[in-house]
Amino acid sequence: WVLAHDLVQPYLYLTNGADLATIPSDGYDLVLSTITLQHLCVRAVRLSLMRECARVLKPDGYFCFQMGFGTHPSSVPYETDGYGLTHVDTRVENVEALTADVEACGFVVRGTDLRPTGPGDIHAQWIFVRAQVAA
């Protein structure tokens, strides 16, 4: 048996929250983001981070992420640049708008899945996106 920690050398990077400048380019096979992008209510910052994910991935690397989908009582639309907003989520209501942004940031979207949320969650659904660095 080979344990995962024997195969992967973990690194912790401190970033400024708007880019991944401290992370070297072309170094990773996968960037996984859960419950992160939905808490950034500034579209321009989300797009910057998506472009940075494309930069730090190896050619053909994957970016997989999750966001809230549908109505949510304390959320703003995906297209919002909500500078100064706090304690709000971003809600995706249009899969095509999200995938167009992901592709504009250097990826080919390989799949999207809408899934139910867990008990007690107030999101309507989750959207999971699988995207690969464009050739």
Side-chain angles (χ1 to χ4, degrees):
W1 291 91
V2 177
L3 299 177
H5 70 282
D6 292 332
L7 299 175
V8 177
Q9 179 65 38
Y11 295 96
L12 179 62
Y13 294 99
L14 179 63
T15 70
N16 61 14
D19 62 43
L20 305 176
T22 59
I23 302 174
S25 298
D26 302 321
Y28 294 90
D29 296 308
L30 171 70
V31 171
L32 176 65
S33 172
T34 58
I35 312 178
T36 302
L37 294 176
Q38 74 189 40
H39 291 291
L40 299 173
C41 56
V42 179
R43 179 173 175 253
V45 173
R46 285 194 310 274
L47 295 179
S48 173
L49 288 172
M50 287 181 193
R51 284 188 295 275
E52 285 287 274
C53 287
R55 180 187 62 76
V56 303
L57 284 165
K58 294 177 183 176
D60 296 327
Y62 275 87
F63 176 39
C64 300
F65 66 93
Q66 160 272 328
M67 292 183 72
F69 186 86
T71 59
H72 181 298
S74 61
S75 64
V76 296
Y78 173 79
E79 296 81 9
T80 300
D81 273 327
Y83 291 96
L85 295 178
T86 59
H87 304 293
V88 297
D89 276 3
T90 299
R91 68 177 176 270
V92 175
E93 297 176 295
N94 182 320
V95 175
E96 291 78 20
L98 175 61
T99 57
D101 276 354
V102 173
E103 291 178 350
C105 290
F107 294 96
V108 175
V109 174
R110 298 296 185 198
T112 61
D113 296 303
L114 293 176
R115 299 288 183 188
T117 61
D121 197 308
I122 57 177
H123 292 86
Q125 293 179 294
W126 294 122
I127 184 168
F128 292 88
V129 178
R130 239 173 12 269
Q132 188 175 25
V133 175

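Please read these numbers as outputs of a predicted model, since none were measured by experiment.
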Practice task
For the residue pair Arg43 and Thr80, establish whether any side-chain heavy-atom pair is separated by less than 4.5 Å.
Solution key: no
Problem - Test log, rule side-chain contact (heavy atoms from CB on, under 4.5 Å), inputs His72 and Val88 - result: CA-CA 9 Å; His72 181 298; Val88 297; over 6 Å; no
Exercise for the section: Kindly indicate whether the side chain of Pro116, heavy atoms from C-beta on, has any atom under 4.5 Å from the side chain of Gln125. Expected result: no
Problem - Beyond-backbone contact of Val133 with Pro59, side-chain heavy atoms, under 4.5 angstrom - result: no
Problem - Carboxylate-amine/guanidinium contact Arg46 Asp101, below 4.0 Å - result: no
Problem - side-chain contact (heavy atoms from CB on, under 4.5 Å) between Cys53 and Phe107, worked out - result: CA-CA 10 Å; Cys53 287; Phe107 294 96; 4.1 Å; yes
Exercise for the section: May I ask you to decide if Ile35's main-chain N or O and Gln66's side chain share a donor-acceptor pair within less than 3.5 Å? Expected result: yes
Practice task
Mark yes or no for whether Thr22, through its side chain, and Tyr13, through its backbone, hold a donor-acceptor pair below 3.5 Å.
Solution key: no
Practice task
Write down the atom of Val129, the atom of Val109, and the distance for their closest heavy-atom approach.
Solution key: CG1-CG1, 4.3 Å
Problem - 4.5 Å side-chain heavy-atom contact, Asn94 and Tyr78 - result: no
Problem - Non-hydrogen side-chain atoms of Phe69 and His123 separated by less than 4.5 Å - result: no
Exercise for the section: Indicate yes or no for a side-chain donor-acceptor contact from Glu52 to the backbone of Asp19 under 3.5 Å, with no hydrogens or angles considered. Expected result: no
Exercise for the section: Could you state whether Val31 and Tyr62 fall into the same hydrophobic cluster, counting links through intermediate Ile, Leu, Val, Met, Phe, Trp or Tyr residues with side-chain heavy atoms under 4.5 angstrom apart? Expected result: no
Practice task
Would you confirm whether Thr36, through its side chain, and Thr34, through its main-chain N or O, come within 3.5 Å as a donor-acceptor pair?
Solution key: yes
